[in-house]
Amino acid sequence: MDYKEAINLITSKGNFYIDLGLERISSVLEKLGNPQDDLKFIHVAGTNGKGSVCTMLESILRTAGYRTGLYTSPHIWEYTERIKVNGCEIPEETFAQNIKKIIDIGIHLTEFEILTVCAFLYFREQKVDVVVLETGLGGRLDATNVIKENLCAIITQIALDHTDRLGKTKDEIAFEKAGIIKPNCPVITSMGYEAIRDKADESDSMFILTSPYVNPAYIEALSLKGQHQVENLALVIAAVEYLFKEITPEIIIEGLMKVKNPCRFEFFEKENLIVDASHNPNGIEALRKNLDFYYPDEKRRFVFGCLKNKDYEKMMKILFSEDDEIYLNEFDYPNACSYNELSAKCPFAAKKYEENELTPDKLNVICGSFYMIGGMKWMKTK
């Protein structure tokens, strides 16, 4: 099996769905010798900010000399982006070999379960010191939660998203996220939800609530821009200072300067372009605040696309203003909104997006979906 065949297999209709639960993946991992049991994890859950927290942590730990594993989702261009060791993507050949090994066991898994097993196999083979592990959906029944313990759990900002699976209220969603808390393993969060406190008490786990204050030197050093990143940074600093007391402020600063997390309020000067993968109302609200803060006087041109299971009407109401030039993107992806669906809910006049619409005379903003951005092949060269 080569890389292309592996991708075709895991993205087939039989695998491309969500079915929360740990029984199937546990059975497969047992047949593979439970590679996850040989690894040390920092486990990260939350609605928004997971990816940023994970990439910051990984960069600091790698700068400090640790051999790191990083598992994140979704990818933007290639599936190999999800699985990295010391900042380098898993080789396509190794990816394909691991996928074949998993499929040959004969237990049907979802796409995300297959990728999670693939990551555990690769991280054990590469003998990483610490894995920074991002949940896919929720926490309690997420495939990554098959691990038995962690160095710590981190729970980022919680908002209403995936309410059909995780609950209709923030408290219900917090309960699902709190499922990653393990016995006698600390949990770090910036949000004091009762469900998180209760789970920490039940698990005899230390509950660490971060302060909104962050050393200004760390904020200045961070290569990721956006006011919302300060809350994420506070979680990262708390985890580093609690778990890795030997890591100095100088190393933290160097690690933060090296952080790369594409499509999170990422600016391209030549095109006067911001690319941001915010894909729910909470993330879009942060994007709007950042635009108003950093570019208050610039005229804006938006390219927006979204999946049908998101509250795209609310997102567009938050994001757009009457003077904005608005393009709605009907992109090629399962469950993507059509132009007509978006247009019917858009609060202002909008046109259908064509790839030649962007010129640097206005601040261009592409946002609304990881999957939309990933389908814009012209952007990969940037």
Side-chain angles (χ1 to χ4, degrees), residues 11 16 48 51 73-79 81 161-162 224-226 228 261-382:
T11 57
F16 192 79
N48 291 307
S73 61
H75 62 282
I76 300 172
W77 313 113
E78 293 291 343
Y79 274 83
E81 296 167 29
D161 198 15
H162 300 292
L224 303 181
K225 299 307 176 190
H228 64 292
N261 200 16
C263 302
R264 276 77 168 185
F265 204 67
E266 188 174 14
F267 181 65
F268 299 90
E269 185 175 5
K270 182 180 177 182
E271 294 82 6
N272 198 20
L273 168 66
I274 286 175
V275 181
D276 189 281
S278 297
H279 53 278
N280 55 43
N282 187 257
I284 288 293
E285 186 175 5
L287 170 59
R288 175 61 189 267
K289 287 180 179 177
N290 286 326
L291 291 171
D292 291 345
F293 179 80
Y294 291 103
Y295 306 96
D297 300 321
E298 287 209 43
K299 297 290 186 182
R300 298 168 188 169
R301 178 186 294 116
F302 287 96
V303 176
F304 178 85
C306 199
L307 299 184
K308 293 181 182 181
N309 62 332
K310 303 294 182 179
D311 190 349
Y312 52 87
E313 181 177 8
K314 185 175 182 180
M315 292 163 69
M316 290 190 288
K317 285 180 178 178
I318 293 169
L319 188 61
F320 301 146
S321 298
E322 189 173 6
D323 293 336
D324 295 334
E325 186 178 347
I326 303 168
Y327 292 89
L328 303 176
N329 189 7
E330 181 176 316
F331 58 101
D332 183 19
Y333 191 81
N335 204 36
C337 286
S338 68
Y339 166 75
N340 289 336
E341 287 170 321
L342 292 172
S343 181
K345 301 294 185 181
C346 188
F348 304 107
K351 300 176 183 178
K352 191 170 185 178
Y353 172 67
E354 304 292 344
E355 287 204 353
N356 60 353
E357 303 289 358
L358 303 185
T359 53
D361 57 312
K362 292 184 180 180
L363 179 66
N364 296 295
V365 184
I366 296 177
C367 62
S369 171
F370 277 104
Y371 303 106
M372 178 187 73
I373 294 168
M376 294 178 166
K377 300 303 182 186
W378 60 272
M379 282 184 54
K380 189 173 182 181
T381 59
K382 300 186 183 305

Only pairs under 3.5 Å count here: list side-chain donor-acceptor contacts from residues 284-295, not counting sequence neighbours, and write none if there are none.
{"residue": "Arg288", "atom": "NE", "partner": "Asp292", "partner atom": "OD1", "Å": "3.3"}
{"residue": "Arg288", "atom": "NE", "partner": "Asp292", "partner atom": "OD2", "Å": "3.2"}
{"residue": "Arg288", "atom": "NH1", "partner": "Ile318", "partner atom": "O", "Å": "3.0"}
{"residue": "Arg288", "atom": "NH1", "partner": "Leu319", "partner atom": "O", "Å": "3.2"}
{"residue": "Arg288", "atom": "NH2", "partner": "Ser321", "partner atom": "OG", "Å": "3.1"}
{"residue": "Asn290", "atom": "OD1", "partner": "Gln227", "partner atom": "N", "Å": "2.8"}
{"residue": "Asn290", "atom": "ND2", "partner": "His228", "partner atom": "ND1", "Å": "3.0"}
{"residue": "Asn290", "atom": "ND2", "partner": "Ala286", "partner atom": "O", "Å": "3.2"}
{"residue": "Asp292", "atom": "OD1", "partner": "Arg300", "partner atom": "NH1", "Å": "3.1"}
{"residue": "Asp292", "atom": "OD1", "partner": "Arg300", "partner atom": "NH2", "Å": "2.9"}
{"residue": "Tyr294", "atom": "OH", "partner": "Gly226", "partner atom": "N", "Å": "3.4"}

For the student: nearest non-hydrogen atoms of [X] and [Y], plus distance:
X      : Y      : value
Ile76  : Pro262 : CD1-O, 3.8 Å
Gly305 : Leu342 : CA-CD1, 4.3 Å
Pro74  : Tyr371 : CB-OH, 3.8 Å
Ser369 : Cys306 : CB-CA, 4.4 Å
Asn48  : Gly283 : ND2-N, 3.7 Å

Mind checking what makes side-chain hydrogen bond (donor to acceptor under 3.5 Å, both in side chains) contact with Lys352, not counting sequence neighbours?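 Expected list: none.
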
List for me each residue that meets side-chain hydrogen bond (donor to acceptor under 3.5 Å, both in side chains) alongside Ser278, sequence neighbours excluded, and say none if there are none.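 Counting only residues at least two positions away or on another chain, Ser278 forms a side-chain hydrogen bond (donor to acceptor under 3.5 Å, both in side chains) with Asp276.
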
Answer whether the closest heavy-atom distance between the side chains of [X] and [Y] falls below 4.5 Å.
X      : Y      : answer
Tyr333 : Leu307 : yes
Pro347 : Met316 : yes
Cys337 : Lys308 : yes
Val275 : Met376 : no
Phe267 : Lys225 : no
Leu358 : Arg301 : yes

Does the distance from a Lys or Arg side-chain N to an Asp or Glu carboxylate O, for Glu341 and Lys345, drop under 4.0 Å?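 Salt bridge flag = no for Lys345 with Glu341.
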
So, using salt bridge (Lys or Arg N to Asp or Glu O under 4.0 Å) as the criterion, who are the partners of Lys362 when residues are at least two apart?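 Salt bridge (Lys or Arg N to Asp or Glu O under 4.0 Å) check on Lys362 returns Glu325.
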
By salt bridge (Lys or Arg N to Asp or Glu O under 4.0 Å), which residues pair with Glu298, not counting sequence neighbours?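 None.
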
Roughly how far, to the nearest 0.5 Å, is the [atom2] atom of [Y] from the [atom1] atom of [X]?
X      : Y      : atom1 : atom2 : answer
Glu354 : Asn329 : CD    : CG    : 9.0 Å
Tyr353 : Phe331 : OH    : CZ    : 13.0 Å
Ile366 : Ile373 : CD1   : CD1   : 7.0 Å

Has the side chain of Asn364 got a donor or acceptor atom that lies under 3.5 Å from a matching backbone atom of Thr359?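 The answer is yes, because a donor-acceptor pair under 3.5 Å joins these two groups.
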
Is there a side-chain contact (heavy atoms from CB on, under 4.5 Å) between Phe348 and Ile326? Walk through the geometry before answering. CA-CA 8 Å; Phe348 304 107; Ile326 303 168; 3.9 Å; yes

Within a reach of under 6.0 Å around CG of Asn335, are more than 12 heavy atoms found that belong to other residues, nucleotides or ligands?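 Yes.
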
So, using ring pair (Phe, Tyr, Trp, His ring centres under 6.0 Å) as the criterion, who are the partners of Phe370 when residues are at least two apart?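 His279.
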
For side chain to side chain donor-acceptor pair (under 3.5 Å), just list the numbers for Asn340 and Ser338, CA-CA rounded to whole Å, side-chain angles, deciding distance to a tenth of an Å, and then say yes or no. CA-CA 5 Å; Asn340 289 336; Ser338 68; 5.3 Å; no

